[in-house]
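Written out below as structure tokens is the structure these notes cover.
For ligands, and for the atoms within them, numbers begin at 1 and follow the listed sequence. Worth saying up front: this structure is predicted, and the values here are computed from it rather than measured.
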Amino acid sequence: MPNLEATWKEASWGGVVYEAGNSVEYITGGWRSFRPIRDMKQCTHCMICWVYCPDSSILVKDGKVVGFDYDHCKGCGICAQECPVNVKEPHEYTGQMGKVIQMVPETEFEGW
Ligand code: SF4
Ligand code: SF4
């Protein structure tokens with residue numbers, strides 16, 4: 001488990017990570033400045049976002065997209081860029097037309 005309270009003086013030389021298989025323990029979602037939000041009702045479950053996400057942060061169950069792993073999603077926006085489906089009604093969170101996945105600034109996210 002990484003010590004998130006460690007100072008730079010306690011970091012390894014060159015930032016080398018010695019333990020293998022530790023990526024799950026690093027909560028990279030803390031880097032995110034934009035949050036992807038999917039309109040659950042208008043998603044067609046085509047899985048394109050799952051294919052393109054570089055951080056395996058699209059959660060899938062029984063062949064359906066069920067959400068995001070916000071602990072590890074870095075907010076790169078690739079899923080929103082690659083989603084091929086445009087909403088037919090305003091997006092259920094943003095109220096905007098456009099893609100099924102839309103990026104919302106973390107500072108403006110109010111939960112839902
Ligand atoms: S790419 Fe868009 S429509 Fe396809 S599963 Fe992802 S959110 Fe749904
Ligand atoms: S914003 Fe980037 S890291 Fe987050 S779910 Fe979309 S593609 Fe994956």
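Remark: Arg35 is positioned above the aromatic ring of Tyr70, its terminal NZ or CZ atom under 6.0 angstrom from the ring centre and at most 45 degrees off the axis.
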(message) side-chain hydrogen bond (donor to acceptor under 3.5 Å, both in side chains) for Glu106 and Ser33? Distances and angles first, verdict last.
(response) CA-CA 5 Å; Glu106 281 292 336; Ser33 56; over 6 Å; no

### Message
Please determine whether side chain to side chain contact (heavy atoms under 4.5 Å, CB included) holds for the pair His72 and Ser56, giving the CA-CA distance in whole Å, both sets of side-chain angles, and the decisive distance to 0.1 Å.
### Response
CA-CA 8 Å; His72 298 99; Ser56 301; over 6 Å; no

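Remark: minimum distance from atom 6 (Fe) of ligand 1 to any protein heavy atom is reached at Cys49 SG, 2.3 Å. Ranking protein heavy atoms by distance to atom 2 (Fe) of ligand 2, first place goes to Cys76 SG, 2.3 Å. Nearest protein heavy-atom neighbour of atom 4 (Fe) of ligand 1: Cys46 SG, 2.3 Å. Scanning all protein heavy atoms for the shortest distance to atom 8 (Fe) of ligand 1 gives Cys43 SG, 2.3 Å.
The distance from ligand 1 to the heavy atoms of Val65 drops below 4.0 Å at these ligand atoms: 5 (S). For ligand 2, the atoms lying closer than 4.0 Å to a non-hydrogen atom of Lys74 are 3 (S). Close approach to Pro54 involves these atoms of ligand 2, each under 4.0 Å from a residue heavy atom: 7 (S). Close contacts between ligand 2 and Gly75 involve ligand atoms 1 (S), 4 (Fe) [criterion: under 4.0 Å to a heavy atom]. Taking every non-hydrogen atom of Met47 and a distance limit under 4.0 Å, the qualifying atoms of ligand 1 come out as 4 (Fe), 5 (S). Each of the following atoms of ligand 2 lies closer than 4.0 Å to a heavy atom of Phe68: 5 (S). Listed by number with element, the atoms of ligand 1 under 4.0 angstrom from any heavy atom of Cys83 are 1 (S), 2 (Fe), 3 (S). Under a 4.0 Å criterion applied to the non-hydrogen atoms of Cys79, ligand 2 contributes the atoms 1 (S), 5 (S), 6 (Fe), 7 (S). Near Ile58, the atoms of ligand 2 lying under 4.0 angstrom from a non-hydrogen atom of the residue are 5 (S). Here is the list of ligand 1 atoms found below 4.0 Å of a heavy atom in Val85: 3 (S). Atoms of ligand 1 lying under 4.0 Å from at least one heavy atom of Arg38, given by number and element, are 7 (S).
Counting heavy atoms closer than 4.0 Å to ligand 1, residue His45 contributes backbone atoms (N, CA, C, O) but none from C-beta onward. Under 4.0 angstrom from ligand 1, there are no non-hydrogen atoms of Glu82. Contact annotation: for Ile101 versus ligand 2, there are no heavy atoms closer than 4.0 Å.
Between Cys73 and Arg32 the shortest side-chain heavy-atom distance falls below 4.5 Å. With contacts defined as side-chain heavy-atom distances shorter than 4.5 Å, the pair Cys43/Val85 does not qualify. The shortest side-chain heavy-atom distance between Met97 and Asn86 does not fall under the 4.5 Å cut-off. Using a 4.5 Å cut-off on side-chain heavy atoms (C-beta onward), Lys74 and Phe34 make no contact. Ile78 is listed as a side-chain neighbour of Pro54, based on a closest heavy-atom distance under 4.5 Å.
Here the side chain of Lys64 pairs no donor or acceptor atom with the backbone of His45 at under 3.5 angstrom. Judged by distance alone, with hydrogens and angles left aside, the side-chain atoms of Ser57 form a donor-acceptor pair with the main-chain N or O of Asp55 at under 3.5 Å. At least one donor-acceptor pair under 3.5 Å links the side chain of Glu92 to the backbone N or O of Met40. Counting only distance, with no hydrogens or angles, the side chain of Gln42 and the backbone of Glu89 share a donor-acceptor pair below 3.5 Å.
Residue Cys53 counts as close to atom 8 (Fe) of ligand 2, with an N, O or S atom under 2.8 Å. At least one N, O or S atom of Cys73, from either the backbone or the side chain, sits less than 2.8 Å from atom 4 (Fe) of ligand 2.
For atom 3 (S) of ligand 1, the nearest non-hydrogen atom from the set Val60, Thr44, Val51, Ile37 comes from Thr44.
For the side chain to side chain contact (heavy atoms under 4.5 Å, CB included) test with His91, the passing option among Ile37, Val100, Val104, Ile101 is Ile37; the others fail.
The shell of residues lying under 4.0 angstrom from ligand 1, judged by heavy atoms, includes Pro84.
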